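What follows is one structure encoded as structure tokens, with my remarks underneath.
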Amino acid sequence: MAVSSGKIYLGGLARRLVLDGLMTEEVAHRYFDEANKKKRPFVSYLVEQKVLDSQTIALSASEEFGVPLFDINALNTSLIPRALVDEKLIRKHHVLPIFKRGNKLFVAVSDPTNLQALDEIKFQTRMSTEAILVEEDKLARVIETAMDEEDTSMDDLLDDDLENIDFEDADALPHDDIDNDTEIDDAPIVRFVNKILLDAIKKGASDIHFEPYEKSFRIRTRQDGILKEVASPPMNISNKLTSRIKVMSRMNISERRIPQDGRIKMALSKSRAIDFRVNTCPTLYGEKIVLRILDPTSAQVGIEQLGFDPEQKEAFLTAIKKPYGMILVTGPTGSGKTVSLYTALNILNEPDINISTAEDPVEITVAGINQVNVNPKTGLTFAEALRAFLRQDPDIIMVGEIRDLETAEISVKAAQTGHLVLSTLHTNDAPQTLNRLNQMGVPPYNIAASVLLIMAQRLARKLCNKCKQEERLPSELLIKEGFSEEEAKSLTTFKAIGCDQCSNGYKGRVGIFQVMPISEAMEKLIIQNCTTNELVEQSASEGVLTLRESGLRKVKDGITSIEEINRITKD
């Protein structure tokens with residue numbers, strides 16, 4: 001912008017956008033003034049307010065200033081020299097150093113006329129700078145990724161509080177069992193591990209992976225079902241990190257040849273603690289460690305937040321309120337089965353009800369429920385725990401997983417003798433679950449007489465409400481995806497964009513369910529030893545939604561995208 005005779009003239013990129021007919025001069029003035037008042041870069045503000053999309057702005061800038069357009073998504077963020085430039089400067093001007101050659105620093109910008117940013121970086125780094133033009137929305141996402149990685153770097157471990165986090169029995173093992181060169185009490189190592197755990201909790205991650213390779217060490221967290229790299233510490237500290245976690249988990253430090261299981265309890269406050277279920281697995285280049293984050297608050301989400309359609313919610317509530325029978329939840333690891341079961345138990349947990357659970361291990365502790373950790377090494381299997389429960393006057397029993405015929409038979413008998421039994425299996429959908437029990441050796445007439453309801457589920461990422469964008473897809477494509485012709489004519493779907501409030505356009509997850517009550521017609525088919533396809537046809541005739549159909553309803557409601565439903569379900 002330039003000032004002459006009291007009148008403000010447009011200059012730089014704003015002028016180019018007006019000349020290209022992408023906005024009027026009045027609109028350009030208005031948004032430029034608003035961006036200045038809010039201390040936001042002009043291009044960033046235009047994209048945030050959805051005045052223009054970032055690609056249109058980038059193409060116009062490239063043509064006007066003769067700067068080639070670079071796809072920053074192709075860049076390996078771990079190679080970014082982010083430590084050269086102060087984070088406040090990066091966020092203030094919305095720029096990012098991406099490459100260093102000699103004394104020249106190449107800086108990604110969405111506005112090549114932002115000379116002030118280049119000058120300030122030049123002054124701070126004492127290096128010459130050169131602008132590389134990139135799209136604003138992609139730059140925003142890469143900046144967040146780079147800053148997240150910086151947050152978990154070894155250089156950021158100066159906060160004294162990181163050393164004083166309370167871990168229950170963290171150092172229970174005597175240090176004599178540890179190699180002298182391991183130095184698991186090394187303060188930077190303690191801080192680093194603690195910070196990784198805290199950051200994962202803050203981001204709502206479900207798992208943390210510590211992965212050794214031949215020439216690198218990688219740390220990833222699973223957020224909303226997707227793994228994301230958060231740090232890549234030096235190889236020379238990998239053994240120290242592994243040993244520190246094993247000490248915290250009360251594992252055998254000297255044993256590196258076989259898998260081990262352990263547990264960490266982190267006290268965040270007097271009223272809140274987080275458990276980590278820890279497993280090690282020997283690989284070619286060291287022990288891979290995975291920590292499952294077990295947050296008790298995740299089981300208290302309430303049935304309204306699970307994601308049921310109204311008829312699915314009604315069928316589920318009707319089943320769990322019956323005095324006896326079996327309810328089965330199926331799905332892969334990480335599909336939210338435990339949360340669904342504990343949501344049911346929280347509804348049923350009353351002073352006049354005796355509830356017992358057998359789990360491997362207990363993931364969520366709940367007051368008023370008798371919970372047992374099964375331990376096959378000592379002979380306390382699911383079957384043995386079930387036998388004990390039946391001698392303790394139970395009303396409701398939850399079995400963590402039906403893995404074998406013995407557990408299945410006891411569960412079925414309990415369901416037929418006045419107890420409500422809840423459990424899980426690993427199958428792809430609800431109809432396959434009945435055949436899975438049959439294959440285990442449970443007679444069809446026992447299955448028909450005991451099973452009340454089967455629920456298959458998956459977790460889909462929810463679109464970020466702040467940045468999701470409408471898209472009109474061709475009717476032919478929507479019909480191919482599974483929508484009806486009538487729906488396809490007027491359906492508006494949404495796509496993921498990405499902003500500073502989400503992860504690649506998604507924030508949080510929602511359940512996708514197939515809720516199948518066992519009707520009289522299904523019981524007759526089961527007794528006749530029917531095939532899975534016959535059960536599928538019968539459930540469809542009774543209006544039971546498949547996982548795919550349930551997912552498409554979430555797309556129709558604008559909760560998630562077609563791409564996400566395609567990722568977790570099949571046609």
Side-chain angles (χ1 to χ4, degrees), residues 13 35 38-50 52-58 61-62 67-100 105-125 127 129-153 155-156 195 199 202-203 205 219-221 223-224 226 228-232 464 466-469 496-507:
L13 183 55
K38 295 186 177 182
K39 297 182 179 180
R40 297 288 294 140
F42 178 56
V43 173
S44 301
Y45 192 69
L46 288 180
V47 174
E48 287 171 9
Q49 298 301 311
K50 299 183 179 179
L52 293 171
D53 66 82
S54 57
Q55 186 178 42
T56 299
I57 296 173
S62 178
V67 181
L69 183 59
F70 174 66
D71 184 5
I72 198 169
N73 283 348
L75 189 68
N76 184 348
T77 56
S78 65
L79 301 177
I80 292 175
R82 53 188 177 274
L84 291 175
V85 180
D86 186 77
E87 181 180 344
K88 292 181 181 179
L89 199 57
I90 290 173
R91 294 192 183 277
K92 173 185 174 183
H93 293 295
H94 214 63
V95 297
L96 185 69
I98 58 174
F99 184 66
K100 175 187 173 186
L105 188 62
F106 295 85
V107 182
V109 300
S110 57
D111 181 359
T113 64
N114 189 357
L115 301 180
Q116 182 185 353
L118 296 176
D119 287 342
E120 288 188 25
I121 291 174
K122 183 177 180 180
F123 178 78
Q124 183 195 319
T125 62
M127 300 173 68
T129 56
E130 183 170 326
I132 302 294
L133 182 62
V134 298
E135 294 171 49
E136 165 61 28
D137 58 346
K138 293 180 180 179
L139 176 60
R141 289 196 290 272
V142 174
I143 287 175
E144 288 306 314
T145 299
M147 292 303 102
D148 283 347
E149 291 178 357
E150 179 68 11
D151 285 344
T152 54
S153 72
D155 297 329
D156 196 34
K195 185 163 181 60
D199 286 349
K202 290 175 183 176
K203 293 174 182 176
I219 300 174
R220 295 188 291 174
T221 58
Q223 295 169 240
D224 295 333
I226 303 296
K228 177 183 176 183
E229 184 171 340
V230 295
S232 183
C464 172
K466 181 181 177 182
C467 67
K468 68 180 182 181
Q469 194 173 94
I497 299 298
C499 66
D500 57 354
Q501 299 294 315
C502 65
S503 176
N504 297 323
Y506 296 95
K507 187 174 183 179

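The model shown is predicted, which means the values in this text are computed figures rather than measured ones.
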Let me confirm one number: the CG-CG distance from L84 to L105, rounded to the nearest 0.5 Å. 6.0 Å
Flag side-chain contact, heavy atom, 4.5 Å: I98 against F70: yes
Looking only at non-hydrogen atoms, find the nearest pair between E135 and L69 and report the distance. N-CD1, 4.3 Å
Side chains of S54 and E136: do they bring a donor and an acceptor to under 3.5 Å? no
Between the side chains of E120 and Q116, is a donor N or O closer than 3.5 angstrom to an acceptor N or O? yes
Starting at OG1 of T129, measure out to CG of L118 and round the result to the nearest 0.5 Å. 4.5 Å
First locate atom NZ of K466, then atom CG of D500, and finally report the distance between them rounded to the nearest 0.5 Å. 4.0 Å
Spacing of F106 atom CZ and L96 atom CG [to the nearest 0.5 Å]: 14.5 Å
Least distance between heavy atoms, C467 atom then C502 atom: SG-SG, 3.7 Å
Could you state the interatomic distance from CG (D53) to CD1 (I497), rounded to the nearest 0.5 Å? 9.0 Å
For a quick test of reading the model, state the closest non-hydrogen atom pair linking A58 to L133 and the distance between them. O-CD2, 3.5 Å
Is the shortest side-chain heavy-atom distance between V230 and K203 below 4.5 Å? yes
Please report the closest heavy-atom contact between V95 and I90, naming both atoms and the distance. O-CG2, 2.9 Å
Return yes when atom CD of E130 has more than 12 non-hydrogen atoms of other residues, nucleotides or ligands closer than 6.0 Å, and no otherwise. yes
With rounding to the nearest 0.5 Å, note down the distance linking CD in Q223 to OG in S503. 5.5 Å
Which pair of heavy atoms, one from N504 and one from R141, lies closest together, and at what distance? OD1-CD, 3.7 Å
Would you check, one step at a time, whether the test side chain to side chain contact (heavy atoms under 4.5 Å, CB included) holds for K100 with M127? CA-CA 9 Å; K100 175 187 173 186; M127 300 173 68; 3.6 Å; yes
